[in-house]
2 protein chains.
Amino acid sequence: MQNSFTEENYLKIIHALSGREGLEVSTNALAESTSTRAASVTDMLRKLAEKGLIHYKKYQGVRLTESGEKVAINVIRKHRLWEVFLVEKLGFGWDEVHDIAEELEHIASDHLVERLDSFLGHPRFDPHGDPIPDAKGNLTEPDYLILTDVAIGEKVRMMGVLDHAPSFLQHLDRAGITLGCILEIKEINEYDKSASVQIGDKQTLFISLEVSKNLLVQRR
Amino acid sequence: MQNSFTEENYLKIIHALSGREGLEVSTNALAESTSTRAASVTDMLRKLAEKGLIHYKKYQGVRLTESGEKVAINVIRKHRLWEVFLVEKLGFGWDEVHDIAEELEHIASDHLVERLDSFLGHPRFDPHGDPIPDAKGNLTEPDYLILTDVAIGEKVRMMGVLDHAPSFLQHLDRAGITLGCILEIKEINEYDKSASVQIGDKQTLFISLEVSKNLLVQRR
DNA sequence: AAAAAAATTTAGATTAACCTAAAAATTGAT
DNA sequence: ATCAATTTTTAGGTTAATCTAAATTTTTTT
Ligand SMILES: [Mn+2]
Ligand SMILES: [Mn+2]
Ligand SMILES: [Mn+2]
Ligand SMILES: [Mn+2]
């Protein structure tokens with residue numbers, strides 16, 4: 001039997017919330033992420049456990065099974081490949097593609113995913129810097145730094161974002177911060193903990209702590 | 001409020017069954033096409049009428065309203081554009097794309113449809129020769145002939161198919177009959193009403209009446 | 001114009017995914 | 001260790017889309 005959109009969304013969210021350590025995810029955390037009530041989550045958990053997609057013992061939180069993990073990663077693969085398509089081929093901005101990909105990620109055909117992947121040239125990362133699982137389901141999270149962990153004077157390369165909200169991405173666009181650009185922390189301003197950051201070889205701007213916390217970078 | 005996948009499918013099917021004359025469609029015809037029971041169709045018709053998408057009087061069949069027609073044509077536009085994408089960009093065969101397009105046609109974003117249309121170069125016809133409605137919702141069915149209406153000795157161009165079943169399309173592939181190719185009726189065989197047809201400037205084959213009835217062609 | 005047949009609608013259920021309110025279990029704080 | 005707070009589950013409903021069986025309306029045939 002096929003998994004419904006709803007089931008796929010639960011699995012994807014459990015994957016995201018359990019992190020790389022595969023920790024237990026709580027009912028309330030799922031209720032929050034799915035915008036439903038805890039009672040509804042409990043119903044769905046019973047169903048997913050029934051189907052062998054999660055490990056679930058009452059009152060103890062959930063983890064994905066091997067089989068649930070496979071489904072979740074496949075959905076993530078499709079989501080990210082479609083985002084690449086939308087940006088690279090159709091010319092959408094990185095701030096416009098998430099919601100459309102939320103729909104496209106549920107299109108079923110495996111044949112389609114593999115052809116799309118070829119058409120796009122087997123991209124390794126999506127437009128937000130997130131890694132794309134390969135066809136076998138291998139997903140390796142690169143370990144980037146958060147900009148707040150970078151010392152004054154260091155030059156780093158912008159590799160991804162933690163916040164995917166359109167408003168955040170548009171803010172980065174206005175600041176001229178794009179994937180791959182070089183950032184240098186000139187100083188940390190005492191007053192509001194903002195950073196003065198040189199972007200590429202262009203001007204230096206104040207970057208709020210809020211923004212720095214959501215920027216993933218790499219030393220070079 | 002948004003229309004569900006199910007509602008969109010009903011509207012699309014009502015459009016197809018009512019033909020270019022916009023005739024009334026019966027409950028049973030819809031039950032057949034949707035693979036549901038007549039009682040279920042009646043429920044849905046009440047809902048669609050409620051939403052102003054169809055004209056419906058009990059026991060009298062249904063027609064689309066202006067508003068229902070707009071929705072139906074938009075779904076058809078998306079279906080056919082996605083089919084072009086799958087064949088032209090991803091390299092699928094014309095026999096492989098219908099079921100995938102049945103899913104893709106329900107992706108909501110108007111912005112996406114318009115960008116896809118541009119990316120594909122504003123195609124006028126889908127891989128089966130069916131016309132693609134324009135962005136304003138204009139859909140003009142070209143009036144092709146059916147191959148059975150072509151006289152012996154006439155040369156015609158193959159323009160489309162009436163049957164979209166993969167097995168039929170694969171049969172045409174094996175016979176070398178593709179969209180745009182030239183066909184000449186050499187004779188009609190008395191025994192089984194099959195036609196001897198020359199395909200392009202290649203060999204002459206027997207084409208069964210069953211096949212001829214499903215081929216759309218144009219005089220030249 | 002009846003009667004018979006066919007088509008359609010109504011009545012009453014079912015399933016998935018949600019809800020609120022109440023009960024039960026776990027966790028945390030004295 | 002006990003009590004209070006928090007979390008989670010259970011109980012009992014709702015809505016959309018389906019179903020079967022029965023009732024009703026329309027159509028066709030005698
Ligand atoms: Mn996304
Ligand atoms: Mn992304
Ligand atoms: Mn099709
Ligand atoms: Mn088609």
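Residue numbers start from 1 in every chain, and the chains themselves are labelled A, B, ... in the order their sequence lines are given, proteins ahead of strands.
- In this structure, the CG atom of B/Asp43 is 10 Å from the P atom of C/dT9, given to the nearest Å.
- Considering only residues two or more places apart in sequence or on other chains, A/Glu24 meets the side chain to side chain contact (heavy atoms under 4.5 Å, CB included) condition with A/Arg63.
- Using a 4.0 Å cut-off, some side-chain N or O of A/Arg37 falls inside it from OP1 or OP2 of C/dT20.
- Projected onto DNA chain C by closest heavy-atom contact, A/Ala39 and A/Ser4 fall at different nucleotides, the more 5' of which corresponds to A/Ser4.
- For the pair A/Met44 CE and C/dA16 P, the interatomic distance rounds to 10 Å; values are reported in whole Å.
- Taking a 4.0 Å limit (strictly below) on heavy-atom distances, residues 25-36 of chain A reaches DNA chain D at A/Ser26, A/Thr27, A/Asn28.
- B/Lys70 meets the salt bridge (Lys or Arg N to Asp or Glu O under 4.0 Å) test with no other residue; sequence neighbours excluded.
- For A/His79, the side chain to side chain contact (heavy atoms under 4.5 Å, CB included) partners two or more places apart in sequence, or in a different chain, are A/Glu83, A/His98, A/Ala101, A/Glu102, A/Glu105.
- DNA chain C lies under 4.0 Å from no heavy atom of any residue of residues 6-19 of chain B.
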(request) Quick one, give me the B/S/- string for nucleotides 22-28 of chain D, reading 5' to 3', where B means a protein heavy atom under 4.0 Å from the base and S means that only happens at the primed atoms, P, OP1 or OP2. (result) --BSS--

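- Every residue two or more places apart in sequence or in another chain that forms a salt bridge (Lys or Arg N to Asp or Glu O under 4.0 Å) with B/Arg219 is listed here: B/Glu154.
- Aromatic pair B/Phe85/A/Phe85: centroids less than 6.0 angstrom apart.
- A/Thr42 has a side-chain polar atom (N or O) that falls below the 4.0 Å cut-off from OP1 or OP2 of D/dT9.
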Let me have the donor-acceptor pairs involving side chains of residues 117-126 of chain B, under 3.5 Å, with sequence neighbours excluded, atom names and distances please.
unit_1	atom_1	unit_2	atom_2	d
B/Asp117	OD2	B/Arg77	NH2	3.4
B/Asp117	OD2	B/His122	ND1	2.8
B/Ser118	OG	B/Glu114	O	3.4
B/Asp126	OD1	B/His128	N	2.6
B/Asp126	OD1	B/Gly129	N	3.1
B/Asp126	OD1	B/Asp130	N	3.1

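- Residues passing the side-chain hydrogen bond (donor to acceptor under 3.5 Å, both in side chains) test with A/Asn9, sequence neighbours excluded: A/His106.
- At a threshold of 4.0 angstrom between heavy atoms, the contacts of B/Tyr56 are confined to the sugar-phosphate backbone, with no base atom among them.
- Atom CZ of B/Phe5 is separated from atom C1' of C/dA16 by 16 Å (rounded to the nearest Å).
- More than 12 heavy atoms of other residues, nucleotides or ligands shown are found within 6.0 angstrom of NE2 on B/His164.
- Atom CZ of A/Arg46 and atom P of C/dT15 are 15 Å apart (whole Å).
- Under the rule for a salt bridge (Lys or Arg N to Asp or Glu O under 4.0 Å), B/Lys58 has no partner lying at least two apart in sequence or in another chain.
- For the salt bridge (Lys or Arg N to Asp or Glu O under 4.0 Å) test, residues two or more places apart in sequence or in another chain that qualify with A/Glu190 are A/Lys193.
- Taking A/Ile146 as the reference, A/Thr148, A/Asp149, A/Leu162, A/Leu216 meet the side chain to side chain contact (heavy atoms under 4.5 Å, CB included) condition, with sequence neighbours excluded.
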